[in-house]
There are 2 protein chains.
Amino acid sequence: MDDIDKKILKRLQENARVTISVLSSEISLSMPAISERLKKLEASGVIKQYTAILNPELVDKQLMALVYLSFDNPSHGDSFKNFVVGESDIKECFYITGDFDYSLKIITQNTTTLENLLTRIKEQTGVIKTQTIVVLSSIIDRPSVTIE
Amino acid sequence: MDDIDKKILKRLQENARVTISVLSSEISLSMPAISERLKKLEASGVIKQYTAILNPELVDKQLMALVYLSFDNPSHGDSFKNFVVGESDIKECFYITGDFDYSLKIITQNTTTLENLLTRIKEQTGVIKTQTIVVLSSIIDRPSVTIE
DNA sequence: TGGTAAAAATGGATGATATTGATAAGAAGA
DNA sequence: TCTTCTTATCAATATCATCCATTTTTACCA
C-alpha cells in the first residue's frame with residue numbers, strides 16, 4: 001500500500017461515492033489505474049465496506065447508551081455473541097479488560113425500547129452484573145479508522 | 001420519508017457505492033426518480049456521509065481503548081472539545097451520565113501511541129480523573145444507525 | 001551494469017450509467 | 001371539478017467505467 005492507495009482510501013472515507021473519474025483527476029492517474037487499485041484494495045480486505053452514515057435523530061433513534069456487563073464464567077461467550085448479532089440496536093460489542101467483561105454501545109428509539117433491550121440482555125444466561133450509562137450528547141463520532 | 005426512501009437508505013448502508021441503475025431495478029423505480037430521492041435524502045441531512053470502512057489491522061491501528069474522564073468543573077468543555085477534534089485517534093467522544101463526564105473511544109497503533117495520547121489527555125486543564133479500559137476483541141462493530 | 005520478467009500505467013474504443021428536459025400521472029386542497 | 005404541487009416516466013444527451021492492446025516503470029538477478 002503506497003501513497004496513491006492512501007490518497008484513494010482517504011478520499012473514499014470522506015466520500016465513498018466519489019467517482020473514479022474524479023479520483024483520477026485529483027490524483028493525476030488514469031482511470032483504469034485507479035480502478036485497478038480500488039479493486040485490489042477491496043479484494044485484499046483493506047476496505048471492509050462502503051456505508052452511508054445516517055442522522056440518528058432523523059431516523060428515530062434518539063437515545064444512545066453504553067452498557068457494561070459481566071458473566072459468572074467465560075463459557076457463555078458464544079451464545080452471547082449470537083444474541084448480540086441478532087440485536088440490531090447494539091452497535092458495538094467489545095470484550096474488555098477491567099471490572100466488566102463486555103461493553104456495548106446501544107442506539108435506540110427511546111427509554112422504553114432501551115428498557116426492553118436491557119431486560120433481554122439481563123435475561124441472557126450467565127449475566128451477573130450490568131451497568132448502564134446514558135449518553136447525553138455526542139461531541140464527536142467518527143467512523144472507522146482514518147488514513148493520515 | 002416513505003418505504004421507498006427506506007429501501008434506498010438500507011441499500012446504501014449495505015453498500016454506499018451501489019449505482020442508481022441497480023437501485024432502480026431493485027426497487028422498480030425509474031433512475032431519475034431514484035436520483036431525485038437520493039438528492040433529497042442528502043440535502044435534508046438524513047444521509048450525513050458516505051464512507052469507506054477500513055480494516056484497522058491492515059492500516060496499522062491495532063489497539064482500541066475506552067477512556068473515561070472527569071473535570072473539576074464543567075467550564076472546560078469548549079477547550080476539551082477543540083482538543084478532541086484535533087486528535088484523530090479519538091473516534092468517539094460522548095458526554096455521559098454516571099461517575100465520569102466523558103467517554104472516549106480510541107483506535108491507535110500500539111501501547112506507545114496510546115500512552116502518548118493518554119498523557120496529552122491528562123494534560124488537559126481541569127481533568128481530575130481518568131480510567132482506561134483496553135479492548136481485547138471486537139465481537140461486533142456496526143456503523144451508524146440502521147433502517148429496519 | 002545490463003538484461004529480463006513482472007507489475008503498473010496509458011490511450012482509445014466500447015458499453016454502461018447518470019442527468020437533463022419535456023411531459024404525464026397522481027394526490028391534496030379550494 | 002378544477003387547480004396546483006409533487007412525483008413519476010421516457011427519450012436524448014452527457015458522463016463515466018471497463019476492456020484490451022501497448023508502453024512504461026519497477027524489481028530482480030546474472
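Naming convention: chains lettered A, B, ... in sequence-line order (proteins, then strands); numbering from 1 in each chain.
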(message) A side-chain contact here means heavy atoms from C-beta on lying under 4.5 Å apart; do A/P56 and A/Q62 qualify?
(response)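 In short, these two side chains do not touch, never coming nearer than 4.5 Å.
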(request) Taking the side chain as every heavy atom from C-beta outward, state whether B/L38 and B/I47 have any pair of such atoms under 4.5 Å apart. (result) yes
(message) By the side chain to side chain donor-acceptor pair (under 3.5 Å) test, which pairs, at least two apart or in different chains, include something from residues 24-42 of chain A?
(response) A/D2-A/R37, A/D5-A/R37, A/R11-A/E26, A/E42-A/Y50
(request) Just grab all the side chain to side chain donor-acceptor pair (under 3.5 Å) pairs involving residues 77-87 of chain A, residues at least two apart or on different chains. (result)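 Side chain to side chain donor-acceptor pair (under 3.5 Å) check on residues 77-87 of chain A returns A/E87-A/R120.
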(message) If hydrophobic clusters are built by linking Ile, Leu, Val, Met, Phe, Trp and Tyr wherever their side-chain heavy atoms come under 4.5 Å apart, do A/F100 and A/L117 end up in the same one?
(response) no
(request) Flag yes if A/L114 and A/L66 sit in one hydrophobic cluster, no otherwise; membership is Ile, Leu, Val, Met, Phe, Trp, Tyr, and two members link when side-chain heavy atoms are under 4.5 Å apart. (result) no
(request) Measure the spacing between CZ of B/R142 and SG of A/C93 and express it to the nearest 0.5 Å. (result)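 That separation rounds to 9.5 Å.
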(message) Rounded at 0.5 Å granularity, tell me how far OG1 in B/T132 sits from CG in B/L104.
(response)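 The OG1 atom of B/T132 sits 9.0 Å away from the CG atom of B/L104.
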Mind jotting down which residue pairs meet the ring pair (Phe, Tyr, Trp, His ring centres under 6.0 Å) criterion with at least one end in [range]? Sequence neighbours excluded, please.
range	value
residues 6-40 of chain A	none
residues 8-37 of chain B	none
residues 101-139 of chain B	B/F71-B/Y102, B/F80-B/Y102, B/Y95-B/Y102

(message) According to side chain to side chain contact (heavy atoms under 4.5 Å, CB included), who are the partners of B/I128, at least two apart in sequence or on a separate chain?
(response)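 Here the qualifying residues are B/S70, B/D72.
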(message) Which residues pass the side chain to side chain contact (heavy atoms under 4.5 Å, CB included) test with B/E92, not counting sequence neighbours?
(response) A/E92, A/K105, A/D141, B/F94, B/K105
(message) Five pairs per end, C1' atoms only: what is the angle between the end axes of the helix from C/dT1-D/dA30 to C/dA30-D/dT1, to 10 degrees?
(response)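 That helix gives 40° between its end axes.
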(request) Please work out which residues in residues 34-48 of chain A have a non-hydrogen atom less than 4.0 Å from an atom of DNA chain C and list them by number. (result)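 Within residues 34-48 of chain A, the residues near DNA chain C are A/R37, A/K40.
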(message) So if I take residues 25-33 of chain B and measure heavy-atom distances to DNA chain C, which residues fall below 4.0 Å?
(response) B/M31, B/P32
(message) So which atom in B/I20 and which in A/R17 form the shortest heavy-atom distance, rounded to 0.1 Å?
(response) CG1-NH2, 4.1 Å
(message) Using a 4.0 Å cut-off to any heavy atom of chain B, which nucleotides of DNA chain C are the first and last in contact, reading 5' to 3'?
(response)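 Using the under 4.0 Å cut-off, the span is C/dT17 to C/dT20.
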(request) Shoot me the first and last contacting nucleotide of DNA chain D against chain B, ordered 5' to 3', at under 4.0 angstrom to non-hydrogen atoms. (result) D/dT7 to D/dC10
(request) Report yes or no: do A/T146 and B/K91 form a side-chain donor-acceptor pair below 3.5 Å? (result)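 Present: a donor and an acceptor within the cut-off.
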